Structure formats: structure tokens, C-alpha cells
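Take a look at the structure set out below.
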Amino acid sequence: MAGTQRRGRKIMMTPEERDAFLTEQRTCRVATVSPDGAPHASTLWFAWDGTALWLYSITRSKRWSDLRADPRIAVVVDAGEEYGELRGVELSGSVEFVGEAPRTGEPCPELAVPEKLFARKNFGLDAMPHDGRHAWARLVPESVVSWDFRKLGGPGGAGS
């Protein structure tokens with residue numbers, strides 16, 4: 001992954017912590033750019049394979065339309081309620097579309113792993129149910145920034 005985190009090194013997640021966090025979390029917030037330049041934010045379920053964030057989006061959504069016109073994206077995955085519990089990861093770059101759109105289940109070796117991960121995490125299934133309304137976008141991040149306020153050791157943090 002390109003891009004080096006310069007600030008917040010004290011609260012930055014290690015690569016192992018980041019991978020574990022992205023593997024366990026279910027929901028991300030996605031920011032796209034509309035053709036008129038306006039930002040658009042939405043939520044999605046995702047899968048993380050250790051290298052790429054896989055987004056499964058409705059193809060008739062504004063998000064999908066925005067990404068088709070301009071593949072640049074920023075994604076935030078976060079957790080925590082109290083200040084000392086806050087943690088998250090921001091990933092940004094450009095998406096690539098993988099498989100048919102909408103996805104109907106045609107053989108696509110590139111999707112074997114992400115579909116298995118996604119189906120297990122979100123549906124408790126071993127195989128992906130295809131509804132003919134969603135499709136896959138893959139983000140191999142150009143930049144990754146992470147934070148884990150529990151490392152600060154204050155109220156609600158690791159040192160309390």
C-alpha cells in the first residue's frame with residue numbers, strides 16, 4: 001500500500017491490527033465525487049482480503065453512477081463510542097470494477113475469495129447469493145491512515 005502516515009504515529013494501527021480491524025468490521029462509509037463536483041457519502045458492507053477493500057454496491061445507486069464517472073473514492077471504517085475507544089481506518093484511491101454488472105454469478109476467478117469472505121461475514125453463508133442488482137468494485141488503496149485512541153492511555157484508553 002502506498003502512502004505513509006505522517007501524523008498520529010502514536011495512535012496508528014500496526015498492519016496486523018489494521019487487517020484484523022478491517023476483517024471484523026462490517027460497515028464502511030464511502031465518499032464519492034458527483035459529476036458536478038459535489039461530494040456524496042453513503043454506507044456499504046464490505047470485505048477486506050488483506051490487500052483490497054471489496055465494495056458490493058447496488059448498480060442503480062448514485063454511488064455506483066459516481067464511481068463509473070470518476071473512480072476516485074475515500075472510505076472510512078470506524079468503531080467506538082467514547083473518545084478513548086475511537087478507532088478506524090481511512091482508505092483512498094481509485095476503484096476498479098470486477099465481474100459483470102450487475103452480478104449474476106457468472107464464473108469470475110477474481111471474485112472467488114471476496115465473495116466467500118463477504119458471504120460468510122454478512123450472511124453466514126459459504127456461497128454468495130446473487131440478486132442481479134449489485135456489483136463489485138475493488139479498492140487497492142493508494143493511501144491508508146489509521147487511528148486507535150485506546151493507545152493513548154487516557155479515560156477509556158488502554159492505560160486506564
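Sequential numbering from 1 along the given sequence is applied to the chain's residues. As the structure is a computational prediction, the values presented were derived from the model and not from experiment.
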From [atom1] ([X]) to [atom2] ([Y]), nearest 0.5 Å:
{"X": "His40", "Y": "Ser61", "atom1": "NE2", "atom2": "OG", "value": "7.0 Å"}
{"X": "Ser146", "Y": "Leu22", "atom1": "OG", "atom2": "CG", "value": "9.0 Å"}
{"X": "Met13", "Y": "Asp19", "atom1": "CE", "atom2": "CG", "value": "10.5 Å"}
{"X": "Asp148", "Y": "Ile11", "atom1": "CG", "atom2": "CD1", "value": "8.0 Å"}
{"X": "Glu17", "Y": "Lys151", "atom1": "CD", "atom2": "NZ", "value": "3.5 Å"}
{"X": "Arg138", "Y": "Asp49", "atom1": "CZ", "atom2": "CG", "value": "8.5 Å"}

Criterion side-chain contact (heavy atoms from CB on, under 4.5 Å) on Arg60 and Trp64, from CA distance to verdict: CA-CA 7 Å; Arg60 297 183 115 185; Trp64 189 261; over 6 Å; no
Atom of [X], atom of [Y] and distance for their closest heavy-atom approach:
{"X": "Asp36", "Y": "Ala38", "answer": "OD1-N, 2.9 Å"}
{"X": "Val98", "Y": "Cys108", "answer": "CG1-SG, 4.1 Å"}
{"X": "Gly132", "Y": "Thr104", "answer": "CA-CG2, 4.4 Å"}
{"X": "Glu90", "Y": "Ala74", "answer": "OE2-CB, 4.2 Å"}
{"X": "Pro102", "Y": "Ala135", "answer": "CA-CB, 4.3 Å"}

Please tell me whether [X] and [Y] are part of a single hydrophobic cluster in this structure, the criterion being side-chain heavy atoms less than 4.5 Å apart.
{"X": "Phe97", "Y": "Ile73", "answer": "yes"}
{"X": "Trp48", "Y": "Val77", "answer": "yes"}
{"X": "Leu111", "Y": "Leu117", "answer": "no"}
{"X": "Leu55", "Y": "Val144", "answer": "yes"}
{"X": "Val113", "Y": "Trp45", "answer": "no"}

side-chain contact (heavy atoms from CB on, under 4.5 Å) assessment of Met128 paired with Arg120: CA-CA 8 Å; Met128 188 72 185; Arg120 282 185 179 164; over 6 Å; no
Verdict with supporting geometry, Glu100 and Glu106, side-chain contact (heavy atoms from CB on, under 4.5 Å): CA-CA 7 Å; Glu100 74 277 16; Glu106 294 296 318; 3.6 Å; yes
Close aromatic pair by centroid cut-off 6.0 Å: Tyr56 and Trp136: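 Yes: the rings meet the under 6.0 Å criterion.
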Six-ring centre of Phe21, Arg87 cation under 6.0 angstrom, axis tolerance 45°: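 No, Arg87 and Phe21 do not form such a contact.
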Report yes or no: do [X] and [Y] form a side-chain donor-acceptor pair below 3.5 Å?
{"X": "Ser94", "Y": "Arg72", "answer": "no"}
{"X": "Ser34", "Y": "Lys62", "answer": "yes"}
{"X": "Ser57", "Y": "Arg63", "answer": "yes"}

Criterion side-chain contact (heavy atoms from CB on, under 4.5 Å) on Phe46 and Leu139, from CA distance to verdict: CA-CA 11 Å; Phe46 69 93; Leu139 171 62; over 6 Å; no
Lys121, NZ atom: more than 12 neighbouring heavy atoms under 6.0 Å: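 Check passes, neighbour count above 12.
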